[in-house]
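Here is the structure we will look at, set down as structure tokens.
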Amino acid sequence: MQLNEKETASQGLTAWDRVQAARSMTRLVSGDYINTVFDRFLELHGDRLYGDDRAVIGGIAQIGKRYVTVIGEQKGRSTKENKLRNFGMPNPEGYRKALRLMKQAEKFGRPILLFVDTPGAFCGVEAEERGQGEAIARNLFELAGLTVPVLSIIVGEGGSGGALALAVANEVWMLENSVYSILAPEGFAAILWKNGKRAAEAAEVMKLTAGELKELGVIDKVLEEDADCSQKEKMRAEIIDFLERYDKKTGEEIREERYQKFRSM
């Protein structure tokens, strides 16, 4: 099922409708937000260990008079581009590239903005051979201890540890038609009922929509989706407000706030 922009902005969608909207090939991807919300962006490449994972983009961006580090999980807009981006499923080097950029941001005192959009980390044999589990776990550990403000925005799919590796943040936001869950509804249904075709039913019981997760306290804010460019303008204003709120906090206060946020869940 594909929902156009007008339909995805409408109210009354089911959980399964929102899953389909989050996966839509016409949906804005991380790179779209990076190139329009920020005034300038310099992309940086490589993890300094193995290679450059094109499922993760990141670098230094300017928003107003501020410089920040921006990292996003990147899907493609076509089959050819999705193959290049591995359908937004990072390998270990993608998470290690993200970590390298986050540690660089801490060194120079830059806030970190993360865009999450992945069905999950790549689960191929080669990814496991290169330490996929360790790479994700290392990101969780290091993110928890950063002394600069971290904001994570789920703009499409937020699948499992592949999403969480970029979502241990001071604040986690979601677009209203994005989803965030421990696994895909198809996998949930296959495990629980031995029938992957009950995915729509699974989506209803998984509590994976933005509204449900905000009510449960898992995320901090739901961003409305509009059928025009005002969506990106609103996101820009919200990001600037986030940065201003953290201006007066010390590194230790920022780190402790993040720790307590996840400790209380």
Any non-hydrogen side-chain atom of Val68 less than 4.5 Å from a side-chain atom of Pro111?
yes

Under the 3.5 angstrom rule, does the side chain of Ser78 hit a backbone N or O of Glu81 as a donor-acceptor pair?
yes

Is the closest side-chain heavy-atom distance between Ile153 and Val116 below 4.5 Å?
no

In this structure, OG of Ser30 is separated from CG of Asn35 (nearest 0.5 Å) by 10.5 Å

Pick one: which of Leu146, Leu143, Val150 meets side-chain contact (heavy atoms from CB on, under 4.5 Å) with Val168?
Leu143

Before accepting this row, confirm whether a basic side-chain N of the pair Asp117/Lys75 lies closer than 4.0 Å to the acidic partner's carboxylate O.
yes

Can you give me the closest heavy-atom contact between Glu128 and Cys123, atom names plus distance?
OE2-CA, 4.4 Å

Mind listing the side-chain donor-acceptor pairs of residues 201-208 below 3.5 Å, one per line with the distance, residues two or more places apart or on another chain?
residue: Glu201; atom: OE1; partner: Arg198; partner atom: NE; Å: 2.9
residue: Glu201; atom: OE1; partner: Arg198; partner atom: NH2; Å: 3.2
residue: Glu201; atom: OE2; partner: Arg198; partner atom: NH2; Å: 2.9
residue: Glu204; atom: OE2; partner: Ala15; partner atom: N; Å: 3.1

Hey, what do you get for CD (Glu73) to OG1 (Thr118), rounding to the nearest 0.5 Å?
4.5 Å

If hydrophobic clusters are built from ILVMFWY residues whose side chains come within less than 4.5 Å, do Leu140 and Phe262 share one?
yes

Closest non-hydrogen contact found for Asp32 with Leu28 is OD2-CA, 3.4 Å

List the steps and the verdict of side-chain hydrogen bond (donor to acceptor under 3.5 Å, both in side chains) for Thr14 and Asp17.
CA-CA 5 Å; Thr14 67; Asp17 288 336; 3.1 Å; yes

Examine distances only and state if a side-chain atom of Thr69 and a backbone atom of Arg110 form a donor-acceptor pair shorter than 3.5 Å.
no

Considering all heavy atoms, the nearest Leu166-Ala98 contact:
CD2-CB, 3.9 Å

More than 12 non-hydrogen atoms from neighbouring residues, nucleotides or ligands closer than 6.0 Å to NZ on Lys214, yes or no?
no

Side-chain touch Arg66/Asp247, heavy atoms, less than 4.5 angstrom
yes

Donor-acceptor check, side chain of Asn170 to backbone of Ile254, threshold 3.5 angstrom: yes or no?
yes

Donor-acceptor contact below 3.5 Å, side chain Glu157 vs main chain Ser178
no

Measure the spacing between OG of Ser152 and CD1 of Ile71 and express it to the nearest 0.5 Å.
10.0 Å

Any carboxylate oxygen within less than 4.0 angstrom of a Lys/Arg side-chain nitrogen, looking at Arg27 and Glu225?
yes

Under 3.5 Å, side chain of Asp241 to main-chain N/O of Glu238, donor-acceptor pair present?
no

Would you check, one step at a time, whether the test side chain to side chain contact (heavy atoms under 4.5 Å, CB included) holds for Leu175 with Ile154?
CA-CA 6 Å; Leu175 294 182; Ile154 299 165; over 6 Å; no

Is there a chain of hydrophobic side chains (I, L, V, M, F, W, Y, each step under 4.5 Å between heavy atoms) that links Val155 to Leu223?
yes

Is there a side-chain contact between Met174 and Leu213, using heavy atoms and a 4.5 Å cut-off?
yes

Between Lys103 and Glu106 (salt bridge meaning N to carboxylate O under 4.0 Å), is one present in this structure?
yes

Within the structure provided, determine whether Ile112 and Leu151 are in side-chain contact (heavy-atom separation under 4.5 Å).
no

Is the NZ atom of Lys83 crowded by more than 12 outside heavy atoms at less than 6.0 Å?
no

Is there a donor-acceptor pair closer than 3.5 Å between any side-chain N or O of Ser264 and the backbone N or O of Gln260?
yes

CG/Leu183 to CZ/Phe188 distance, rounded to the nearest 0.5 angstrom?
7.5 Å

Does a side-chain heavy-atom distance below 4.5 Å link Trp16 with Gln20?
yes

From Phe108 atom CZ to Tyr67 atom OH, the distance as rounded to the nearest 0.5 Å:
14.0 Å

Closest non-hydrogen contact found for Phe122 with Ala127 is O-CB, 3.5 Å

Does any N or O in the side chain of Gln74 come within less than 3.5 Å of the main-chain N or O of Arg54, such that one atom is a donor and the other an acceptor?
no

Backbone N/O of His45 and side chain of Arg100: donor-acceptor pair under 3.5 Å:
yes

Start with the C-alpha gap between Gln104 and Ile60, add the side-chain angles, then the distance that decides, and say whether side chain to side chain contact (heavy atoms under 4.5 Å, CB included) holds.
CA-CA 10 Å; Gln104 180 193 81; Ile60 303 169; 4.2 Å; yes

Which pair of heavy atoms, one from Ala199 and one from Pro185, lies closest together, and at what distance?
O-CB, 3.5 Å

Does OH in Tyr50 sit with more than 12 non-hydrogen atoms of other residues, nucleotides or ligands closer than 6.0 Å?
no

Classify the angle between the aromatic ring planes of Trp173 and Phe242 as parallel (below 30°), tilted (30 to 60°) or perpendicular (above 60°).
perpendicular

Decide, yes or no, whether a salt bridge links Lys97 with Asp52 under the criterion of side-chain N to carboxylate O below 4.0 Å.
yes

Less than 4.0 angstrom from a charged side-chain N to a carboxylate O is my criterion; do Arg138 and Glu134 meet it?
yes

Mind checking the CD-CD spacing from Glu93 to Gln132? Nearest 0.5 Å is all I need.
8.0 Å

Mark yes or no for whether Asp39, through its side chain, and Gly64, through its backbone, hold a donor-acceptor pair below 3.5 Å.
yes

Arg85 vs Asp53, test: salt bridge (Lys or Arg N to Asp or Glu O under 4.0 Å). Steps then yes/no.
CA-CA 8 Å; Arg85 301 288 184 181; Asp53 186 352; over 6 Å; no

Counting N and O atoms only, with roles assigned by atom type, does the side chain of Asp220 sit under 3.5 Å from a partner on the main chain of Val172, one being a donor and the other an acceptor?
yes

Are Glu233 and Arg236 close enough for a salt bridge, meaning some N to O gap below 4.0 Å?
no

Establish whether Ile182 and Ile191 are linked, either directly or via other cluster members, by ILVMFWY side-chain heavy-atom contacts under 4.5 Å.
yes

Give a yes or no on whether Ile63 and Leu113 share a hydrophobic cluster (residues Ile, Leu, Val, Met, Phe, Trp, Tyr; joining criterion: side-chain heavy atoms under 4.5 Å apart).
yes

Any salt bridge linking Glu171 with Arg245? Criterion: basic side-chain nitrogen under 4.0 Å from a carboxylate oxygen.
yes

Taking the basic N atoms (NZ, or NE/NH1/NH2) and the acidic carboxylate oxygens, is any pair closer than 4.0 Å for Arg23 and Glu186?
yes

Are Met25 and Arg77 side-chain neighbours, meaning at least one heavy-atom pair lies under 4.5 Å?
no

Single-linkage hydrophobic cluster, 4.5 Å side-chain cutoff, Ile136 and Met89 together:
no

Should we count CD of Glu253 as having more than 12 external heavy atoms under 6.0 Å?
yes

Taking the side chain as everything from C-beta on, heavy atoms only, tell me whether Thr209 gets closer than 4.5 Å to Tyr180.
no

What's the shortest heavy-atom distance between Ala61 and Val70, and which atoms?
CB-CG2, 3.6 Å

